[in-house]
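In what follows, every chain begins at residue 1, and chains take the letters A, B, ... in the order their sequences are listed. Everything quoted here is computed from the prediction, not taken from an experiment.
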There are 2 protein chains.
Amino acid sequence: MHSFTEENYLKTIYAISLRQAGDVSTNALAEVTATKAASVTDMLRKLADKELIHYKKYQGVRLTEEGERLALQIIRRHRLWEVFLVDKLGFGWDAVHDIAEELEHIRSDELTARLDTFLGHPQFDPHGDPIPTQAGLMPETEYRKLSEVNEGEAVRLMGVLEHSTAFLQHLDRCQLTLGCAVTLGEINPFDRSVRVVSEAGLPIFVSHEVARNLLVE
Amino acid sequence: MHSFTEENYLKTIYAISLRQAGDVSTNALAEVTATKAASVTDMLRKLADKELIHYKKYQGVRLTEEGERLALQIIRRHRLWEVFLVDKLGFGWDAVHDIAEELEHIRSDELTARLDTFLGHPQFDPHGDPIPTQAGLMPETEYRKLSEVNEGEAVRLMGVLEHSTAFLQHLDRCQLTLGCAVTLGEINPFDRSVRVVSEAGLPIFVSHEVARNLLVE
DNA sequence: ATAAAAATTTAGGTAAGTCTAAATTTTTAG
DNA sequence: CTAAAAATTTAGACTTACCTAAATTTTTAT
């Protein structure tokens with residue numbers, strides 16, 4: 001069996017791999033796991049011994065097939081629990097990350113399977129992130145960033161790239177909820193902020209910083 | 001904050017205190033926690049430093065008020081999760097203990113409160129054990145053991161004293177479910193086994209060993 | 001009452017996961 | 001191309017929770 005800590009490293013390696021090409025560096029892992037590079041090195045040696053990562057000293061790491069399978073299993077559990085917390089318990093989408101971070105480590109395939117059924121086999125978590133399948137596949141999504149949409153286009157808000165409480169609460173205050181349809185107004189050439197118009201005709205001003213963290217289709 | 005392991009010790013001290021008078025011995029704890037007496041002594045010193053138990057060397061331990069408050073909080077979470085697993089996810093009552101053993105350590109008062117509401121503020125877990133209140137009180141129950149009931153009496157099955165999978169599955173096979181009404185037939189004077197009759201008139205033979213692990217009212 | 005048995009604690013050690021400081025390797029800049 | 005900077009690894013140490021073996025205290029039985 002793998003420890004809580006090992007699972008978190010696998011998940012983190014997967015997450016970093018998604019947003020950058022090439023192997024994952026020791027320092028990048030140290031930053032995300034909030035530990036020191038020396039501690040990361042220790043753990044990498046251990047994960048390599050277990051053949052969960054490909055690791056050559058000084059060269060960074062990448063998950064093996066088995067490592068990726070485990071990472072996706074943990075991400076699946078995390079996202080299913082987030083759906084539970086929001087849909088069933090009524091938590092806000094900005095309040096579930098830390099709790100799901102603990103729940104994801106409960107080790108029971110039957111629990112995961114029953115939870116999935118109970119929730120109605122959801123495809124996406126409350127932040128619009130796709131839920132890996134039981135078979136261990138991450139569903140592909142074809143979303144663009146709102147910051148890449150042209151004036152006049154009509155799009156639907158499908159996900160977020162930033163998961164911080166502060167960002168999600170900002171979206172709540174702007175009434176930008178997942179699934180809402182918006183039409184792009186003019187883009188301010190100075191700061192690239194943009195006005196979008198909701199279904200209800202309500203104008204919402206969105207900074208470039210926010211727009212590039214919103215996924216639309 | 002208190003570690004996973006510390007929480008388990010508190011819960012175990014509480015559980016042992018319930019079924020025997022006087023202080024809890026080091027050996028009793030070693031047996032239940034499946035560790036060695038020397039390890040228990042280490043942990044007792046730590047819990048005493050944190051003022052969660054009263055501890056005098058060689059004299060056994062008992063929970064302080066704060067220790068009992070924490071123990072009841074953990075038991076509350078355990079039992080609420082068991083209700084969730086059985087009522088919402090459809091697990092059998094014989095399959096939930098180990099999973100709840102992990103879930104009980106998820107540390108979020110809001111999670112516990114919302115789960116309680118979601119489940120409809122249940123008073124008892126799937127084994128008939130009372131769920132401690134949010135205020136930290138263990139509800140009193142006035143159940144007798146089936147082995148102490150007289151011939152001819154009509155009683156209702158309210159709980160179990162033994163929680164093993166084997167015992168619970170045995171009850172399932174006998175169609176002895178919580179809440180079912182039975183009337184006591186004759187008690188065999190040789191082995192103290194007893195015949196009970198269900199509501200449907202079905203006769204069920206119950207060994208003394210089983211009868212003294214069944215709680216009725 | 002006291003010696004043997006049982007229970008408990010102390011002493012010293014291990015593994016996991018972390019740390020700091022020092023050594024080493026790789027990358028970058030002139 | 002090479003020296004300085006940055007990244008990474010190694011060495012040695014700490015904490016938690018556990019262990020075994022030995023010492024100590026309490027209990028039990030004659």
Side-chain angles (χ1 to χ4, degrees), chain A residues 1-13 16-17 19-63 67 70-71 74 101-102 104-105 107, chain B residues 1-13 15-17 19-63 67 70-71 74 101-102 104-107:
Chain A
M1 239 337 85
H2 309 100
S3 74
F4 191 104
T5 311
E6 287 169 337
E7 289 191 353
N8 281 332
Y9 271 88
L10 293 176
K11 195 183 54 162
T12 304
I13 293 167
I16 297 175
S17 296
R19 45 173 211 258
Q20 53 154 65
D23 291 357
V24 174
S25 74
T26 301
N27 266 3
L29 279 165
E31 190 188 326
V32 177
T33 59
T35 61
K36 300 301 161 118
S39 311
V40 173
T41 300
D42 285 346
M43 181 57 80
L44 295 184
R45 217 178 40 70
K46 184 197 291 194
L47 292 175
D49 286 349
K50 295 193 176 185
E51 299 187 48
L52 299 174
I53 58 173
H54 296 291
Y55 173 51
K56 281 212 217 81
K57 285 204 306 190
Y58 298 100
Q59 305 306 308
V61 295
R62 128 184 94 78
L63 294 173
L70 283 171
I74 299 154
E101 203 75 4
E102 297 192 51
E104 74 190 7
H105 299 290
R107 244 176 285 270
Chain B
M1 238 340 79
H2 310 102
S3 74
F4 192 102
T5 310
E6 287 169 337
E7 290 191 351
N8 281 332
Y9 270 87
L10 293 177
K11 196 182 54 162
T12 304
I13 293 167
I16 297 175
S17 297
R19 46 174 211 257
Q20 54 154 63
D23 291 358
V24 174
S25 75
T26 301
N27 265 3
L29 279 165
E31 191 188 326
V32 177
T33 60
T35 62
K36 299 302 161 114
S39 310
V40 173
T41 301
D42 284 347
M43 182 55 80
L44 294 185
R45 216 177 42 67
K46 184 196 291 194
L47 292 174
D49 286 349
K50 295 192 176 186
E51 300 188 46
L52 299 174
I53 58 173
H54 295 291
Y55 173 50
K56 280 210 217 82
K57 284 203 311 191
Y58 297 102
Q59 304 305 309
V61 296
R62 127 186 94 78
L63 295 173
L70 283 171
I74 298 154
E101 204 75 4
E102 296 191 52
E104 72 189 7
H105 298 290
I106 308 282
R107 244 177 284 272

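- By the side-chain contact (heavy atoms from CB on, under 4.5 Å) test, B:A48 pairs with B:I53, B:Y55, sequence neighbours left out.
- Taking atom CZ on B:R45 and atom P on D:dT15, their separation rounds to 13 Å, with Å as the unit.
- In this structure, CG of A:D49 is placed 14 Å from P of C:dA15, rounded to the nearest angstrom.
- If you take CG of A:D23 and P of D:dA7, they are 17 Å apart, rounded to a whole angstrom.
- Atoms CD1 and CD, from B:I106 and B:E104 in turn, are 10.0 Å apart once rounded to the nearest 0.5 Å.
- For D:dT16, the OP1/OP2 oxygens have no side-chain nitrogen or oxygen of B:Y9 closer than 4.0 Å.
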Shorter than 3.5 Å, N or O on both sides, protein versus nucleotides 25-27 of chain C: list them out with atom names.
{"residue": "C:dT25", "atom": "O4'", "partner": "A:Y58", "partner atom": "OH", "Å": "3.4"}

Exercise. Start with the C-alpha distance between B:Q59 and B:H54, add both sets of side-chain angles, then the distance that settles side-chain contact (heavy atoms from CB on, under 4.5 Å), and finish with yes or no.
Key: CA-CA 10 Å; B:Q59 304 305 309; B:H54 295 291; over 6 Å; no
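- For residues 20-33 of chain A, the pairs satisfying side chain to side chain donor-acceptor pair (under 3.5 Å) are A:T33-A:T35, with sequence neighbours left out.
- Listed by chain and residue number, nothing satisfies the salt bridge (Lys or Arg N to Asp or Glu O under 4.0 Å) test with B:E51 (two or more places apart in sequence, or in another chain).
- Annotation: the span from A:L47 atom CG to A:I13 atom CD1 amounts to 6.0 Å, rounded to 0.5 Å.
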Quiz prompt | Working for side-chain contact (heavy atoms from CB on, under 4.5 Å), residues B:L44 and B:L29 | solution = CA-CA 10 Å; B:L44 294 185; B:L29 279 165; 3.9 Å; yes
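- A straight line from CG of A:L29 to C1' of C:dT18 spans 15 Å, rounded to a whole angstrom.
- Whole-Å rounding puts the B:H2 NE2 to D:dT16 P distance at 13 Å.
- Near DNA chain C, defined here as any heavy-atom distance below 4.0 Å, the residues from residues 35-43 of chain B are B:A37, B:A38, B:T41, listed numerically.
- At whole-Å resolution of the value, CG in B:N8 and P in D:dT16 are 17 Å apart.
- One atom, CD of A:E31, and another, P of D:dT8, lie 12 Å apart when rounded to the nearest Å.
- For the salt bridge (charged side-chain N to carboxylate O under 4.0 Å, His left out) condition, the pairs that include at least one residue of residues 36-45 of chain B, sequence neighbours left out, are B:R45-B:D49.
- Between B:F4 atom CZ and D:dC18 atom P there is a gap of 11 Å when expressed in whole angstrom units.
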Please table the atom pairs, donor to acceptor, closer than 3.5 Å between any side-chain atom in residues 1-9 of chain A and protein atoms at least two apart or in another chain.
{"residue": "A:S3", "atom": "OG", "partner": "A:T5", "partner atom": "N", "Å": "3.4"}
{"residue": "A:S3", "atom": "OG", "partner": "A:E6", "partner atom": "N", "Å": "3.0"}
{"residue": "A:E6", "atom": "OE1", "partner": "A:S3", "partner atom": "N", "Å": "2.8"}
{"residue": "A:E6", "atom": "OE1", "partner": "A:K50", "partner atom": "NZ", "Å": "3.1"}
{"residue": "A:E6", "atom": "OE2", "partner": "A:K50", "partner atom": "NZ", "Å": "2.8"}
{"residue": "A:E7", "atom": "OE1", "partner": "A:H105", "partner atom": "ND1", "Å": "2.7"}
{"residue": "A:E7", "atom": "OE2", "partner": "A:R107", "partner atom": "NH1", "Å": "2.6"}
{"residue": "A:N8", "atom": "OD1", "partner": "A:H105", "partner atom": "NE2", "Å": "3.0"}

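- Listed pair A:Y55 / D:dT8 fails the phosphate criterion, with no side-chain N or O lying under 4.0 Å from OP1 or OP2.
- Contact check, A:N27 against D:dA6: no side-chain N or O comes under 4.0 Å of OP1 or OP2.
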